[in-house]
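Residue numbers start from 1 in every chain, and the chains themselves are labelled A, B, ... in the order their sequence lines are given, proteins ahead of strands. All values derive from a computational prediction rather than experimental measurement.
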Protein chains: 2
Amino acid sequence: MKQIIDHINKCFENRTRLGIMAALMVNESIDFKALKVLLGTTDGNLSSNISTLEQLGYVKVKKRFIGKATNTSYSLTSGGRKAFQGHLDALEALIRGVSVDGKETN
Amino acid sequence: MKQIIDHINKCFENRTRLGIMAALMVNESIDFKALKVLLGTTDGNLSSNISTLEQLGYVKVKKRFIGKATNTSYSLTSGGRKAFQGHLDALEALIRGVSVDGKETN
DNA sequence: CAAAGCACTTTGAATTTCAAAGTAATATAT
DNA sequence: ATATATTACTTTGAAATTCAAAGTGCTTTG
C-alpha cells in the first residue's frame, strides 16, 4: 500500500489545485475568470494556487490583450499532464483496493 | 464541477489520513504497529492523524492487553465509512470527468 | 477627473503538518 | 538489583501551508 500512497502527489492534495488540474485536463486552456467561476473559489486562493502549479512546471501561463484588457489563460505542460495522470492512477488504485469486497489487494 | 469538489472531504486530503481510511475500509481492525508498517510513516505522524480522525468521529479506538503489553487497534465508525465512501465517490466522479475523451462532463 | 470596476497578486494571520522529544510500560543485559 | 534498551504510543512546537483581505495597476463610467 505504501507504494500506492507514495504516488499520490502532495501538490494535488489541495482541493483547489486538484480542481485546476482536472479542469485543464479537459480544456486545452482556461482563463482566470472562467476558472474562478468553475471552481467557485476566491481570487487570492486561485492566484496563489496557480502560482504553485506554475512554479512546479505543471501549468503554463499566457498573457495577452483582448481589446484593451489583459487576459491571462492557463494550460497544462506535458510534465503537468503526466504528473496529474500519475496521481489519478494512484487514486484509482487506492479506490480499487478499497472497492474489492474482501481483504485488501494493495 | 464545484459540486464535485465540494464533496471532497478536507480531512481526507491528507495522505496519511487517506491511507488510514483506505486500510480500515478493507480491514475490520488494524493495530498501531501494523498501520505504521503498512503506511510507512512515523509514529508521531500516525498518532496525530489517528487522533484527528478519532475527534471527527470517523475512527474508533480499542485498547487492550496482549499478554502484558498494551495493544491499540483501530476501526471505522459507520459515520467514518459513510464519509469516506462519499469522498471516494467524489474522486471517482472527478476522474471520470477527466477520463472522458472530449470536453468536460462535470 | 474622481470613483467604481475588473483582473489579478501580495501579504500575513491562522491553521496544519510531522518528526523529534517525551512518557510509561516491559525486557534484557551487566 | 539496576542500568539500558526496546516497544508503543503521545505531546510539542518549529516549519510549512492555506486563503481571504488588502493591495496594485489598469480601464471604464458617472
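Rounded to whole Å, the distance from CG on A:L35 to C1' on C:dA7 is 13 Å. One interatomic measurement links the two molecules: CZ of B:F32 to C1' of D:dT10, which rounds to 9 Å at whole-angstrom precision. In this structure, the NZ atom of B:K33 is 20 Å from the P atom of C:dA25, given to the nearest Å. The nearest whole Å value for the distance from the CG atom in B:L46 to the C1' atom in D:dT11 is 15 Å. The interatomic distance linking B:N14 (CG) with C:dT15 (P) rounds to 18 Å, in whole Å. With rounding to whole Å, B:L56 atom CG is found 10 Å from C:dT16 atom P. Atom CD1 in A:I50 sits roughly 7 Å away from atom P in C:dT9 (whole-Å rounding). Spacing between atom CG of B:D43 and atom P of C:dG22 amounts to 15 Å, rounded to whole angstrom units.
Of the possible polar contacts, none joining the A:H87 side chain to the A:I8 backbone as a donor-acceptor pair under 3.5 Å is found.
Aromatic rings of A:Y58 and A:F84 (six-membered ring for Trp) have centroids beyond the 6.0 Å cut-off, not under it.
If you check every strand for non-hydrogen atoms under 4.0 Å, A:S48 touches a base. Among the atoms of the strands shown, none is found under 4.0 Å from any heavy atom of B:K36. Among the protein residues, A:T72 comes within range of the sugar-phosphate backbone only, with heavy atoms under 4.0 Å from sugar or phosphate atoms but none that close to a base. Backbone-only contact: A:R17 has heavy atoms under 4.0 Å from sugar-phosphate atoms and none from a base.
Applying the side chain to side chain contact (heavy atoms under 4.5 Å, CB included) rule to B:N45 yields the partners B:T16, B:T41, B:T42, B:N49; only residues at least two apart in sequence or on another chain are considered.
For the pair A:Y74 and A:K10, both in contact range of DNA chain C, the more 5′-proximal nearest nucleotide belongs to A:Y74. Mapping A:N45 and A:F65 onto DNA chain D via the closest heavy atom, the residue that lands nearer the 5' end is A:N45.
With 3.5 Å as the limit, one finds no donor-acceptor pair spanning the side chains of B:Y74 and B:N27.
The nearest pair of heavy atoms linking B:I5 to A:G19 is CD1-CA, 3.5 Å.
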